[in-house]
Amino acid sequence: MRQVLQNGTTKIHEYRTWLPTSQGAEKPFAVSLSFQCLQGADGESLGVCVISADVTASWQARERLAVLDRASARLGSTLDVMQAGQELADLAVPLLADYVAVDLEQSISFGEGPPVGISATGSRLPAFRRAGLASIRQGVPESPWMRGEPVDVPADSPFTAVLRSGKPRLEPVLDTGAGTWIDSVPGLARRVRENGMHSIMIVPIRARRALLGVALFVRTTDPVPFHEADLLLAEKLVARAAQSLDNARQYASRHAADLTLQRNLLPRHLTGGTAVEVASRYLPADVDHGVGGDWFDVIPLSGARVALVVGDVVGHGLHAAATMGRLRTAVHTLADMELPPDELLAQLDDTVQRLGEEDCDLPDPPTAVAGATCLYAVYDPATRRCTMASAGHPPPAIIDPQGRVSYPDLPTGTPLGVGLGEPFDSVELELAEGSVLALYTDGLIETRDHDIEEGMHRLGTALAQPDRTLDDLCDIATRTLPDQAPCDDVTLLLVRTRSLNPSRVVTWALPRDRSVVRHARRLAAHQLTQWGLEGLADATRLIVSELVTNAVRHGTGPIELRLVRHRVLTCEVSDTAAFIPRPHRARTTDENGRGLFLVTNLSRRWGARSTSSGKVVWAEQELPHTSERQPVAA
């Protein structure tokens, strides 16, 4: 007023105070005062005119707008649904409530399953998990449930009405008397009364006609009950948070789908049988989704042998993972055909080219298959021989039992699908028992600042510790990676070779003569007696008879019979003919053609594989339970 009198001007001043109400409580009161100087005709100040106005409503509106602006800046900073729920709780305390709890529908928290529709709750309420908690009191004593814990929703509570209708609920005065819905949850009833909860708002969290969760706003120390304006602000806050939660839900759902895809595409449990001990690591470059184009596999083959595979599809992410799945399936199919490594890669190369041609016809083709690399190796524990071939893939590291590291001189070959038509070459090595074979992708040895040779040296140095376990070696090798984010997927497959005790492998050379069939049956039966497997003698005699008869009748050159006892009993008959037998249905009048049908019914599985000198036809039988758990390695 003095300033107005002195300067002859007009000023407006606003202030906020608390005034008592008729009920004895106090409520906020905002006043706007206009001060105007009254002057005479000569310009002399005569007095001051003061006009007072109640602007409480406009003041509160501005406060709410300020809160919403702060909400826009703070909400949506994370794609983690639990953290997004906590952001909402932190924002509302103490601006709007003394205590806030945010509960999310359980599938939202884990990114699994479709969200619950607003009108789909029916008689069975969805399950909720506490995601956000905030209180003006230290330790949030108002909440019976901590973050991450499942929440018990009473059937006859206001929460139920909110969930069924999808509409918010305001209870300015909470009835905490005995016999109310609060008593149905004893832990909740005690905390409500101990902490003086007297006014609540329950607001559903909705997005895209789906129920994401529910937010609870409570006043305890603030004596003023919630009113309609508070509910309107709470709805706007929750609506802003719902957008953030929905984004986080969609991300969590996609992330869960990506991880499920990757888990299904990569082997869930690697087992090397009697041939090798196995360990692996996979570090995708796409850390957000955890998927990539690298793959590895350990595939059991006949005769206790095992196939070792590692491959790398160009690029990373979901498309590369899907392409990787197609190639992994193709490798499994070709491995079941018992092809040698060089022939398998040739067939895989044809498959990749065909897939590339099919993808070119699509309006939005996925990541190109051409340019993928692959290393395929077959290890035989009976001979300790390992045959391998590469399609543009770096060679494996071999660490002998003394810790010496070497990289075999393996022809690199062209990447898959390039279409140069060059044949693949195989290399055969003899590995000492206990040797470690490291198969990897170039993401482990090549970085932006270091070349491949330096990475291979670093990998060999990390693995030159033969006394460590394979899991330890995997950790050591991956810890040697540079600290910067990987630019390519990293895959490491380690195997430690085993060998079969010579007493578990028996081989006989047989002349190509019809009379040899009876002799072969006697040899097999005698060996099974020495192994204590007399119970398999009858079936084995029939299998040996059929396989040797086919070799005599349809094969060429000398015949070899081999019995291998590992986790199963394998009977192998080899000859020099390249013709692979195929079963066919014999007619009623046919005198022959039922041998392989008999073998099929007597064995768990049978098959044939090509060799450099001809072929091998084999059949496997399950061992008795008392025998199959006995040690089979030397």
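For Thr469, the side-chain hydrogen bond (donor to acceptor under 3.5 Å, both in side chains) test picks out Asp472, with sequence neighbours left out. Val278 meets the side-chain contact (heavy atoms from CB on, under 4.5 Å) test with Leu270, Val276, Val298, Leu493, Val495; sequence neighbours excluded. Every residue two or more places apart in sequence or in another chain that forms a side-chain contact (heavy atoms from CB on, under 4.5 Å) with Thr441 is listed here: Asp294, Val310, Asp312, His393, Thr491. Residues satisfying the salt bridge (charged side-chain N to carboxylate O under 4.0 Å, His left out) criterion with Asp336, sequence neighbours excluded, are absent altogether. For Glu430, the salt bridge (charged side-chain N to carboxylate O under 4.0 Å, His left out) test picks out Arg384, Arg385, with sequence neighbours left out. Residues satisfying the salt bridge (charged side-chain N to carboxylate O under 4.0 Å, His left out) criterion with Arg521, sequence neighbours excluded, are absent altogether. In terms of the side-chain contact (heavy atoms from CB on, under 4.5 Å) criterion, residue partners of Ala525 (sequence neighbours excluded) are, by chain and number, Arg541. For Gln621, the side-chain hydrogen bond (donor to acceptor under 3.5 Å, both in side chains) partners at least two apart in sequence or on another chain are Thr540. With sequence neighbours excluded, the residues that form a salt bridge (charged side-chain N to carboxylate O under 4.0 Å, His left out) with Asp575 are Lys615. Annotation: side-chain hydrogen bond (donor to acceptor under 3.5 Å, both in side chains) contacts of Thr529 (sequence neighbours excluded): none. Evaluation of the side-chain hydrogen bond (donor to acceptor under 3.5 Å, both in side chains) rule for Thr570 yields His566 as partners, not counting sequence neighbours.
No more than 12 heavy atoms of other residues, nucleotides or ligands sit less than 6.0 Å from atom CZ of Arg518. At most 12 heavy atoms of other shown residues, nucleotides or ligands fall within 6.0 angstrom of atom NE2 in His526. No more than 12 heavy atoms of other residues, nucleotides or ligands sit less than 6.0 Å from atom NE2 of His457. Atom CG of Asn601 has more than 12 heavy atoms from other residues, nucleotides or ligands within 6.0 Å.
Between the side chain of Asp400 and the main chain of Gln402, a donor-acceptor pair closer than 3.5 Å is present. In this structure, the side chain of Thr497 engages the main chain of Ser435 through a donor-acceptor pair within 3.5 Å. Side-chain N or O atoms of Ser426 include one that pairs as donor or acceptor with a backbone N or O of Asp342 at under 3.5 Å. Judged by distance alone, the side chain of Arg504 and the main-chain N or O of Ala382 form no donor-acceptor pair under 3.5 Å. With hydrogens and angles disregarded, a donor-acceptor distance shorter than 3.5 Å links the side chain of Ser390 to the backbone of Thr412. When atom types are taken as modelled, the side chain of Arg496 and the backbone of Ala279 share no donor-acceptor pair closer than 3.5 angstrom. One N or O on the side chain of Tyr379 and one on the backbone of Arg498 form a donor-acceptor pair closer than 3.5 Å. Side chain of Arg512 to backbone of Val552: a donor-acceptor contact under 3.5 angstrom is found.
In this structure the side chain of Val573 never reaches within 4.5 angstrom of the side chain of Val544, judged on heavy atoms. When side chains are defined from C-beta on, Leu569 counts as touching Trp531, because their heavy atoms get closer than 4.5 Å. Considering only heavy atoms from C-beta on, Glu338 comes within 4.5 Å of Trp618 through its side chain. Proximity of Leu344 to Phe424: side-chain heavy atoms (C-beta onward) are nowhere separated by under 4.5 Å. A 4.5 Å side-chain heavy-atom check between Ile398 and Pro408 finds at least one atom pair inside the cut-off. By the 4.5 Å heavy-atom criterion applied to side chains, Leu410 and Pro396 are counted as neighbours. Ser574 places a side-chain heavy atom less than 4.5 Å from the side chain of Glu560. Contact check for Val490 versus Leu492: no side-chain heavy atoms found under the 4.5 Å cut-off.
Judged purely by distance below 3.5 Å, without hydrogens or angles, the side chains of Ser610 and Glu343 never pair a donor atom with an acceptor atom. There is no side-chain donor-acceptor pair under 3.5 Å between Asn550 and Glu546.
The line from CD of Glu277 to CG of Leu470 is 4.0 Å long, rounded to the nearest 0.5 Å. A distance of 9.0 Å separates OH in Tyr440 from CG in Leu375, rounded to the nearest 0.5 Å. The distance from atom CG of Asp380 to atom CG of Leu301, rounded to the nearest 0.5 Å, is 9.5 Å. Distance check: Leu416 CG to Leu345 CG gives 6.5 Å after rounding to the nearest 0.5 Å.
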ask   = Stepwise, does the side-chain contact (heavy atoms from CB on, under 4.5 Å) test hold for Val505 with Arg562?
value = CA-CA 7 Å; Val505 182; Arg562 187 171 84 151; 3.9 Å; yes
task = Dump the intermediate steps for side-chain contact (heavy atoms from CB on, under 4.5 Å) on Met456 and Asp442, then the final yes or no.
result = CA-CA 9 Å; Met456 293 172 67; Asp442 55 8; over 6 Å; no
request  = Before giving the answer on side-chain contact (heavy atoms from CB on, under 4.5 Å), spell out for Ile476 and Arg479 the whole-Å C-alpha distance, their side-chain angles and the decisive distance to 0.1 Å.
outcome  = CA-CA 5 Å; Ile476 294 171; Arg479 279 201 299 265; 3.6 Å; yes
request  = Apply side-chain contact (heavy atoms from CB on, under 4.5 Å) to the pair Leu561 and Cys571, showing each step before the final yes or no.
outcome  = CA-CA 7 Å; Leu561 170 63; Cys571 173; 3.9 Å; yes
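The minimum heavy-atom distance linking Ala577 with Thr556 is given by the pair N-OG1, 3.4 Å.
Legend: salt bridge (charged side-chain N to carboxylate O under 4.0 Å, His left out) pairs involving residues 523-537, not counting sequence neighbours: none detected.
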